[in-house]
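Remarks on the structure that follows.
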Amino acid sequence: MEYDFRAIESRWQKSWREEGIYRVENGGDRPHYYVLDMFPYPSGAGLHVGHPLGYIASDIFSRYKRLQGFNVLHPMGYDAYGLPAEQYAIQTGQHPALTTEQNIRRYREQLDKIGFSFDWSREVRTCDPRYYKWTQWTFIQLFGHYYDRAADKALPIAALEERFARQGTEGLEAACTEPMAFTAAEWNAWDEPRRRQVLMNYRLAYLADTAVNWCPELGTVLANDEVVGGLSVRGGYPVERKLMRQWSLRISAYAQRLVDGLEQVDWTDSLKEIQRNWIGRSEGAAVWFPVSGREDGLSFEIFTTRPDTIFGVTFMVLCPEHELIATITTEAQRQQVADYVAWAKNRSERERQAEVKRVSGVFSGAYAVNPLTEEKIPIWVSDYVLAGYGTGAIMAVPAHDSRDFAFARHFGLPIRQVVAAEKDAVSDPSTWTESLDSKSGWAVNSGFATGMKVKEAMKAVIDKIEEMGIGRRTVNYRLRDAIFSRQRYWGEPFPVYYKQGVAYTLPEECLPLELPEVDDFKPTASGEPPLGHAKRWAWDEVKRCVVDKSLVDEATVFPLELSTMPGFAGSSGYYLRYMDAHNDEAYFSPEAVGYWQNVDLYVGGAEHGTGHLIYARFWNKFLFDLGLAVKDEPFKKLINQGMIQGRSNFVYRSKQDNGLFISKGRIKNMEEVTPIHVDINMVDNDVLDIERFRRWRPEFAEARFELEEGKYVCGWEVEKMSKSMFNVQNPDDLVDRYGADTLRLYEMFLGPVEQAKPWDTNGIEGVHRFLKKFWRLFDSALESPAEGEPSAEEMKVLHQTIKRVTDDVERFSFNTVVSTFMICANQLGELRCRHLEVLEPLAVLIAPLAPHIAEELWHRLGHDGSVCDARWPQFDGRWLVESKVKYPVQFNGKMRFTVELAADCTQQQALDIIKSMPEGQKWLGGAEPKKVIFVPKKIINIVC
RNA sequence: GCGGAUAUGGCGUAAUCGGUAGCCGCGCCAGACUUAGGAUCUGGUUCCGAGAGGAGUGGGGGUUCGAGUCCCCCUAUCCGCACCA
């Protein structure tokens with residue numbers, strides 16, 4: 001029988017669908033395992049071959065775990081809200097709801113063709129009201145909680161109110177926007193709006209005037225991870241800093257726990273490092289510097305990681321946004337400072353970042369006093385100090401900070417050395433070409449700290465300023481709160497309404513607050529959210545949801561919040577929803593989360609390291625504080641699949657003769673030809689299909705070719721996969737041509753899952769040939785099965801394969817699994833193996849990789865059920881026993897040599913084997929070895 | 001600039017521990033079968049050399065009886081962050 005993959009695959013896909021064999025139940029006796037893929041944005045372009053790479057890897061692991069006897073949760077869904085979907089809708093002029101629906105259908109078709117074992121009964125879509133009900137619900141909880149640093153967790157805001165009524169801010173340690181201090185008496189005297197205003201300072205979801213990333217082109221604000229180099233990630237449009245009243249999530253409150261949690265998870269070091277850098281924890285000191293000559297005792301706070309260099313401060317710098325500037329600037333400097341601040345403000349974020357090397361700044365005319373030396377030091381204003389980090393003010397130590405050094409050199413400010421690389425190695429800083437930033441070395445010219453090592457000096461200086469009451473040891477994070485509102489249409493509406501300008505959340509019973517249909521969903525340049533067009537909706541929903549009916553009158557037409565939530569809102573907790581996807585009473589039941597706990601294996605791209613993976617961890621930690629999630633970290637193990645790049649093909653057109661195309665090997669000088677992208681679908685192993693090329697474009701119909709060995713060989717280059725380069729590979733074409741099993745095997749065979757690699761189909765034939773060979777092996781054995789016992793040789797091949805496949809699947813080395821199967825098929829083919837008891841376990845073994853062919857073979861072997869319910873074959877080591885002498889070596893008058901033996905070989909057996917070998921006798925000189933050292937598993941060193 | 005990763009034949013890669021470098025596949029070469037094409041099968045294929053032999057895992061050094069693998073320095077490429085005090 002021929003290997004008819006089309007018939008086999010459609011038959012089994014249909015059967016799986018009808019039998020619902022991938023449906024998973026919560027509970028049962030089997031151990032549980034949760035395998036999750038990062039769910040896709042259903043974009044208009046459909047899936048390309050890069051998408052399924054991770055899905056195939058996770059599917060292999062899920063199927064493997066299932067065959068090992070685990071109850072495996074392996075769900076899939078769609079991240080359908082957010083900018084990409086909406087941008088696509090705007091481009092095509094269709095409503096996002098419609099395009100999203102179409103795209104999802106297309107994605108589903110493409111996914112189904114590849115034969116995944118997803119439990120589609122648990123599908124979630126972030127744009128489905130039954131799903132986003134819980135996104136909105138979580139927002140309400142975030143609004144209703146604050147972060148208590150003493151308890152180190154989120155607590156209900158009601159507890160905070162109670163505390164304020166009892167003792168004001170006395171003794172409170174809580175994450176907040178601005179530090180506040182008031183007494184219980186003051187709190188109790190305030191009215192409701194005033195109190196709410198104060199509480200907003202502490203809520204985990206809060207409204208505040210924030211310097212945001214405003215993208216005029218997209219008509220919305222963006223989070224920090226959505227902006228790279230001053231341009232929006234989505235679309236690449238310029239982004240400017242703008243002060244706007246926006247919702248934010250107080251993710252910074254969790255900064256330390258987000259750092260600490262990385263210790264517990266099994267992620268790659270590089271991804272953990274990306275997160276650590278993004279959170280940017282740095283230890284140092286906060287120090288108050290008084291402004292000189294002020295009767296009101298005015299002072300300002302700075303943050304430094306180098307308190308030991310405080311004796312080397314020669315000037316102070318404030319960021320242009322600093323509130324103190326207006327107060328301290330002297331009359332003489334007022335105009336200059338105002339000009340500078342105005343100039344700095346108008347500079348786009350992109351300009352500022354592009355001109356980092358350019359030094360700019362202005363003297364304020366005011367002076368500060370160094371609290372340790374009593375020295376008077378000038379206060380400058382410069383935009384190299386950032387408003388968003390620390391306090392927006394620094395103490396400048398030009399001798400030991402490269403940025404301060406550049407600034408001092410530019411403006412001719414003094415430079416004073418206070419650290420020396422070697423003890424007492426003091427030199428004249430005016431001769432220096434760069435600052436000495438290293439933290440190793442000794443303090444010099446540093447008052448009481450002189451002679452100490454830098455590390456000691458740091459501690460001594462902090463102790464001193466704490467003792468003087470002018471500062472404290474502190475930790476600063478780079479991680480900033482996540483801006484949560486978007487002035488866009490396609491997102492979750494906020495469950496928020498306003499009463500006299502004060503924000504209230506809707507009652508939970510009213511959820512979901514559904515996204516209305518609007519005629520015009522396009523963003524506006526002014527930043528007015530498109531939901532403003534939905535007058536009827538605002539009206540009706542307010543009437544339905546708002547408790548206080550008096551609000552619904554002509555005067556307050558739009559008491560609802562009109563922004564929507566960003567894309568990451570819906571994707572932050574979806575893995576929890578899969579556990580209990582149809583629950584209308586709760587996000588997920590305690591039983592469901594108690595059973596599945598958290599994700600055992602998460603597979604997805606590393607590009608989410610600073611976005612989704614931070615937000616999801618934050619979201620989970622918050623739900624953990626609420627007692628809903630049962631684990632502090634959501635994703636135990638994480639595998640980053642490498643990006644698949646495109647591999648473009650070129651033809652080379654002669655510059656002299658526009659109708660002539662020269663094969664790559666015949667080109668003498670690349671200057672004489674123009675490379676032209678050609679569609680990779682008409683190139684096979686870099687050989688051009690000349691007829692298809694002629695038909696491709698009218699201008700190539702008459703093309704002539706200078707061939708090499710009768711072929712036209714194309715050039716190639718690795719580029720981004722994109723339509724314009726004609727290098728997009730659609731998985732459907734390959735499935736049609738070779739079948740899903742071949743595609744699955746080939747994507748894995750390409751190389752390690754984690755590695756970035758260009759896509760090319762040059763080897764796919766080989767993988768397809770293997771499947772045919774594998775099929776024939778079974779086919780001939782089924783036709784005339786061998787009688788009697790399988791040979792030791794055959795058993796050895798089988799057990800070698802079981803061992804290697806099991807080990808390699810365990811360590812996610814799927815490319816070597818494919819190789820192992822190829823070797824196995826070659827060897828059994830050579831042995832002409834027709835023993836069904838040798839072949840049957842192989843059908844199970846290959847089921848995770850190539851489920852369709854496995855299912856068909858399983859069926860042909862006479863089994864009624866699915867191969868998915870089979871048991872993973874057990875490795876039996878006794879078939880592999882062998883021995884082999886490796887390197888005999890003599891040294892130090894002793895003999896030592898190394899022997900390779902089977903894993904279960906005993907010491908005595910090892911010695912017997914060695915002594916039985918003629919060389920062994922010679923090396924040992926007839927003597928008994930004195931010492932046998934088992935070094936690794938297999939190799940034994942023997943010392944005589 | 002800081003941080004992380006990677007570097008092996010013509011190509012993708014393999015070599016769980018330090019133990020005969022190059023498994024498996026592509027491509028290429030030769031052959032078998034075939035009217036032909038396709039499909040299938042067999043043998044060969046790191047480089048230099050006719051051969052004996054020699055060289056060889058980006059470059060240089062080190063540890064070791066033994067290094068692709070461990071350590072130090074350098075180079076190139078990729079990724080992340082980027083005036084973060």
Side-chain angles (χ1 to χ4, degrees), chain A residues 2 228-229 268-278 280-282 284 302-306 309 317 319 352-353 355-359 382-386 388-397 400-404 406-407 437 476-480 606-607 609-610 640 642-643 645 647 685-687 709 716 718 745-746 749-752 754-758 760-767 769-770 772-773 776 804 807-808 810-811 813 815-826 829 884 886-892 894-900 935-939 941:
Chain A
E2 269 289 292
V228 173
T268 60
D269 288 340
S270 79
L271 190 65
K272 286 188 190 180
E273 210 47 44
I274 285 171
Q275 293 219 334
R276 280 193 201 102
N277 286 345
W278 186 258
R281 181 183 199 276
S282 44
I302 60 99
F303 172 74
T304 178
T305 54
R306 293 296 302 274
T309 61
V317 188
C319 67
R352 200 186 60 74
Q353 289 190 6
E355 297 170 7
V356 164
K357 293 260 156 62
R358 201 169 116 191
V359 179
S382 172
D383 69 354
Y384 86 88
V385 174
L386 303 176
Y389 184 79
T391 58
I394 61 152
M395 62 176 214
V397 185
H400 307 293
D401 181 283
S402 56
R403 296 151 302 181
D404 298 343
F407 194 84
D437 294 8
N476 229 303
Y477 300 91
R478 207 182 69 97
L479 183 71
R480 283 173 240 175
E607 66 272 20
T610 55
N640 294 122
M643 205 110 68
Q645 298 133 297
R647 186 182 189 273
N685 270 322
D686 291 339
V687 176
E709 291 156 15
W716 61 273
V718 174
L745 250 63
Y746 185 59
F749 187 65
L750 222 42
E754 297 93 329
Q755 204 169 86
K757 57 217 156 202
D760 77 78
T761 43
N762 288 349
I764 197 165
E765 296 278 354
V767 171
R769 260 199 284 275
F770 154 72
K772 283 198 267 192
K773 190 183 277 185
R776 270 201 312 277
R804 284 195 198 153
D807 290 354
D808 288 354
E810 284 286 349
R811 63 186 177 106
S813 177
N815 54 333
T816 56
V817 174
V818 181
S819 296
T820 300
F821 274 113
M822 289 176 173
I823 295 166
C824 171
N826 287 345
K884 187 166 141 195
K886 304 205 98 172
Y887 284 89
V889 180
Q890 180 170 18
F891 68 101
N892 287 355
K894 289 175 185 170
M895 284 287 213
R896 174 185 286 200
F897 55 93
T898 305
V899 188
E900 190 174 285
V935 187
K937 283 173 219 142
K938 269 180 159 180
I939 292 158
N941 281 334

For the atom pair [atom1] ([X]) and [atom2] ([Y]), what is the distance rounded to the nearest 0.5 Å?
X: A:M395; Y: A:D401; atom1: CE; atom2: CG; answer: 9.5 Å
X: A:R776; Y: A:E2; atom1: CZ; atom2: CD; answer: 8.5 Å
X: A:I394; Y: A:I302; atom1: CD1; atom2: CD1; answer: 8.5 Å
X: A:K757; Y: A:N815; atom1: NZ; atom2: CG; answer: 7.5 Å
X: A:E607; Y: A:N640; atom1: CD; atom2: CG; answer: 8.5 Å
X: A:I274; Y: A:T268; atom1: CD1; atom2: OG1; answer: 7.0 Å

[X] side chain: which of [options] is closest?
X: A:S270; options: B:A85, B:G25, B:G4; value: B:G4
X: A:Y389; options: B:A85, B:A82, B:A14; value: B:A85
X: A:T305; options: B:A85, B:G25, B:U16; value: B:A85
X: A:N826; options: B:A85, B:U16, B:C24; value: B:C24
X: A:I394; options: B:A85, B:A14, B:U16; value: B:A85
X: A:D383; options: B:A14, B:C83, B:G12; value: B:C83
X: A:T610; options: B:G3, B:C81, B:A85; value: B:C81
X: A:N277; options: B:G80, B:C24, B:A85; value: B:G80
X: A:R811; options: B:G25, B:C83, B:A15; value: B:A15
X: A:D808; options: B:A14, B:U16, B:C24; value: B:U16

Step-by-step side-chain contact (heavy atoms from CB on, under 4.5 Å) determination, A:F303 to A:S282: CA-CA 10 Å; A:F303 172 74; A:S282 44; 4.1 Å; yes
query: If you find the nucleotide of RNA chain B closest to A:L271 and the one closest to A:I764, which residue's nucleotide is nearer the 5' end?
result: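 Checking each residue's closest nucleotide, the 5'-ward one belongs to A:L271.
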message: Nearest heavy atom decides the nucleotide; on that basis, is A:M395 or A:R804 closer to the 5' end of RNA chain B?
response: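 This one resolves to A:R804.
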- request: Measure up the A:F770 and A:F821 rings against each other and bin them: parallel (under 30°), tilted (30 to 60°), perpendicular (over 60°).
  value: tilted
Derivation of the side-chain contact (heavy atoms from CB on, under 4.5 Å) call for A:M822 and A:V767: CA-CA 8 Å; A:M822 289 176 173; A:V767 171; 3.9 Å; yes
Classify [X] by what it touches in the nucleic acid, base, sugar-phosphate, or nothing, heavy-atom distance under 4.0 Å.
X: A:E607; result: nothing
X: A:I823; result: sugar-phosphate
X: A:P758; result: nothing
X: A:V385; result: base

Could you work out the separation of [N] and [M] based on their [atom1] atoms and round it to a whole Å?
N: B:U69; M: B:U16; atom1: C1'; value: 12 Å
N: B:U75; M: B:G58; atom1: C1'; value: 7 Å
N: B:U42; M: B:A50; atom1: C1'; value: 26 Å
N: B:A5; M: B:G10; atom1: C1'; value: 26 Å
N: B:U46; M: B:C24; atom1: P; value: 12 Å
N: B:G9; M: B:G44; atom1: C1'; value: 15 Å
N: B:C74; M: B:G4; atom1: P; value: 14 Å
N: B:C71; M: B:U63; atom1: C1'; value: 7 Å

task: Could you check if a side-chain atom of A:F749 sits within less than 4.5 angstrom of a side-chain atom of A:I764, using non-hydrogen atoms only?
output: no
Using a cut-off of under 3.5 Å, enumerate the N/O to N/O pairs linking the protein to nucleotides 36-46 of chain B.
residue : atom : partner : partner atom : Å
B:U40   : O3'  : A:R776  : NH2          : 3.4
B:C41   : OP1  : A:R776  : NH2          : 3.1

query: Do side-chain atoms of A:N476 reach the backbone of A:G284 as a donor and acceptor pair under 3.5 angstrom?
result: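 Looks like no, no N/O pair under 3.5 Å.
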- request: Just label B:C17 as syn or anti from its O4'-C1'-N9-C4 or O4'-C1'-N1-C2 angle, using within 90° of 0 for syn.
  value: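 Base orientation: syn.
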Torsion-based syn/anti label for B:G9, 90° from 0 as limit: syn
query: What stems involve RNA chain B, if each pair must be Watson-Crick or G-U and both of its distances must be under 3.5 Å, with 3 or more such pairs in a row?
result: B:1-7 with B:75-81, B:10-12 with B:24-26, B:27-32 with B:40-45, B:46-48 with B:53-55, B:58-62 with B:70-74
query: Taking only residues two or more places apart in sequence, or in another chain, which ones meet A:E810 in a salt bridge (charged side-chain N to carboxylate O under 4.0 Å, His left out)?
result: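 A:E810 satisfies salt bridge (charged side-chain N to carboxylate O under 4.0 Å, His left out) with no residue once adjacent residues are dropped.
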- request: Tell me whether the OP1 or OP2 atom of B:A85 has a side-chain N or O from A:S282 closer than 4.0 Å.
  value: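 So the side-chain polar atoms of A:S282 do come within 4.0 Å of the phosphate oxygens OP1 or OP2 of B:A85, strictly under.
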- prompt: How many Å lie between CZ on A:F749 and P on B:G12, as a whole number?
  reply: 13 Å
